[in-house]
There are 2 protein chains.
Amino acid sequence: MASLGELERAVMDLLWAGHEAATANTLRDRLATTTEANGDAAGHEGKELAVTTVLTVLSRLEKKGLVERERGTRPHRYQAVSSREDHTAELMHEVLGSAPDREAVLARFIGSVTDSEAETLRKLLGHI
Amino acid sequence: MASLGELERAVMDLLWAGHEAATANTLRDRLATTTEANGDAAGHEGKELAVTTVLTVLSRLEKKGLVERERGTRPHRYQAVSSREDHTAELMHEVLGSAPDREAVLARFIGSVTDSEAETLRKLLGHI
DNA sequence: GCTACTTTTCTACGATTCGTAGAACTTTGA
DNA sequence: TCAAAGTTCTACGAATCGTAGAAAAGTAGC
């Protein structure tokens, strides 16, 4: 129920990365810098978005339950409700739950996991 | 890159359920019947969609790579490209891959898996 | 081969979501 | 109290999705 658009995703990435609460302005600045998402070389520098744009997506993310804001301070400060790992794990669970035969899905899932991930899983499952 | 709408989902569910190839007409009929998705009692019977509607979503699903059709036969026959389990497992992988620290995600994921699922996983991972 | 019927494709429209941001309102600092 | 900074409201264009008619294409019987 909460798939993210491109900008929403970028904002969440920032909130997840440095995970103190940030203001809309800070985020806007970081968004301009952190436009690593393409292969073209130097010279390129992400253009600044309007702060209102950032505020809009922050509000939308808040409505989706991914972000919470401190309303007390005046420049509101925003932060992710849960860590990226928690959020991602939760998403994985949602996906898993969308199929009737969860164990069959897990079987396929395990089949395509890397060796080191498999090792991680073994440890997590309480085995040597 | 391939999230499904409600009707698209319903169609995939049908294709996944009885998984011989089906025609648009068959699917439309099943869609009318298989409207179990609400609590109101008898009398209710999903209204028939136009066949063109079903054909449209089938085309869209085909474009998304979830469905393939036999173009040879005249009423084209449609079927899911991969099983629901495969598809779901693949989705889980996509989600997992969307985070930088996959192992951390797996840790959280395992934390919220049921006991029997954990047991399944242990077996799948090659342990007694 | 022509005609009636079936099936598929094309086009389209309303609703929702998302990127984007201006206009207007609110709060704060001097 | 006034200007600057911040927030909310409103909006618009693109994309997606449910929905389906109109038109085109194939099929079957005559």
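Lettering follows sequence order; numbering is per chain, from 1.
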Query - Rounded interatomic separation in angstrom, taking CG from L66(A) and C1' from dC18(C) - result: 14 Å
Report summary line: From NZ of K63(A) across to P of dT16(C) the rounded distance in Å is 13 Å
Query - Side chain of R69(B) - closest among dT9(C), dG19(C), dC18(C) - result: dT9(C)
Report summary line: Here the distance between atom P of dG14(C) and atom CD of E6(B), to the nearest Å, is 21 Å
Requested in this report: Could you tell me whether a side-chain N or O of T26(B) sits under 3.5 Å from a main-chain N or O of A22(B), the two making a donor and an acceptor?
Outcome: no
Query raised in the report: Under a 4.0 Å N-O cut-off, is there an ion pair linking E8(A) with R60(A)?
Result: no
Query raised in the report: Distance only, no hydrogens: is a donor on one side chain within 3.5 Å (strictly under) of an acceptor on the other, for T120(B) and R102(A)?
Result: no
Report summary line: Rounded to whole Å, NE2 of H76(A) lies from P of dT26(C) at a distance of 14 Å
Query raised in the report: Strictly by modelled atom types, are S112(A) and H93(B) linked by a side-chain donor-acceptor pair under 3.5 Å?
Result: yes
**Report entry** Minimum-distance nucleotide (side-chain atoms of L55(B) versus dT9(C), dT28(C), dG19(C))
**Finding:** dT9(C)
Report summary line: Whole-Å distance, L27(B) CG to dT8(C) P, equals 11 Å
Query - Touch class at under 4.0 angstrom, heavy-atom based, for T56(A) against every strand present - result: base
Report task. Could you go through the side-chain hydrogen bond (donor to acceptor under 3.5 Å, both in side chains) check for R69(A) and S59(A) one step at a time? Result -> CA-CA 9 Å; R69(A) 78 172 92 188; S59(A) 291; 3.2 Å; yes
Report task. Looking only at non-hydrogen atoms, find the nearest pair between A89(A) and F109(B) and report the distance. Result -> CB-N, 3.6 Å
Query raised in the report: Can you tell me how far C1' of dT16(C) sits from CG of L7(B), to the nearest Å?
Result: 16 Å
Query raised in the report: Base, sugar-phosphate alone, or nothing: which one does L4(A) contact when heavy atoms must sit under 4.0 Å apart?
Result: nothing
Report task. Report yes if a side-chain nitrogen or oxygen of R71(B) is closer than 4.0 Å to either non-bridging phosphate oxygen (OP1 or OP2) of dT9(C); otherwise report no. Result -> yes
Query raised in the report: Looking just at side-chain N and O atoms, do E103(B) and S116(A) make a donor-acceptor pair shorter than 3.5 Å?
Result: yes
Requested in this report: Identify the 5'-most and 3'-most nucleotides of DNA chain D with at least one atom closer than 4.0 Å to a non-hydrogen atom of chain A.
Outcome: dG6(D) to dA11(D)
Requested in this report: Would you mind classifying the nucleic acid contact of R9(B) as base, sugar-phosphate or nothing, using non-hydrogen atoms under 4.0 angstrom?
Outcome: nothing
Query raised in the report: Between dT6(C) and N25(B), is there an OP1 or OP2 to side-chain N/O distance shorter than 4.0 Å?
Result: no
**Report entry** First of R60(B) and V51(B) reached from the 5' end of DNA chain C, by closest nucleotide
**Finding:** V51(B)
Report task. Rounded off to whole Å, could you give me the CZ-to-C1' distance for the R74(A) and dT28(C) pair? Result -> 8 Å
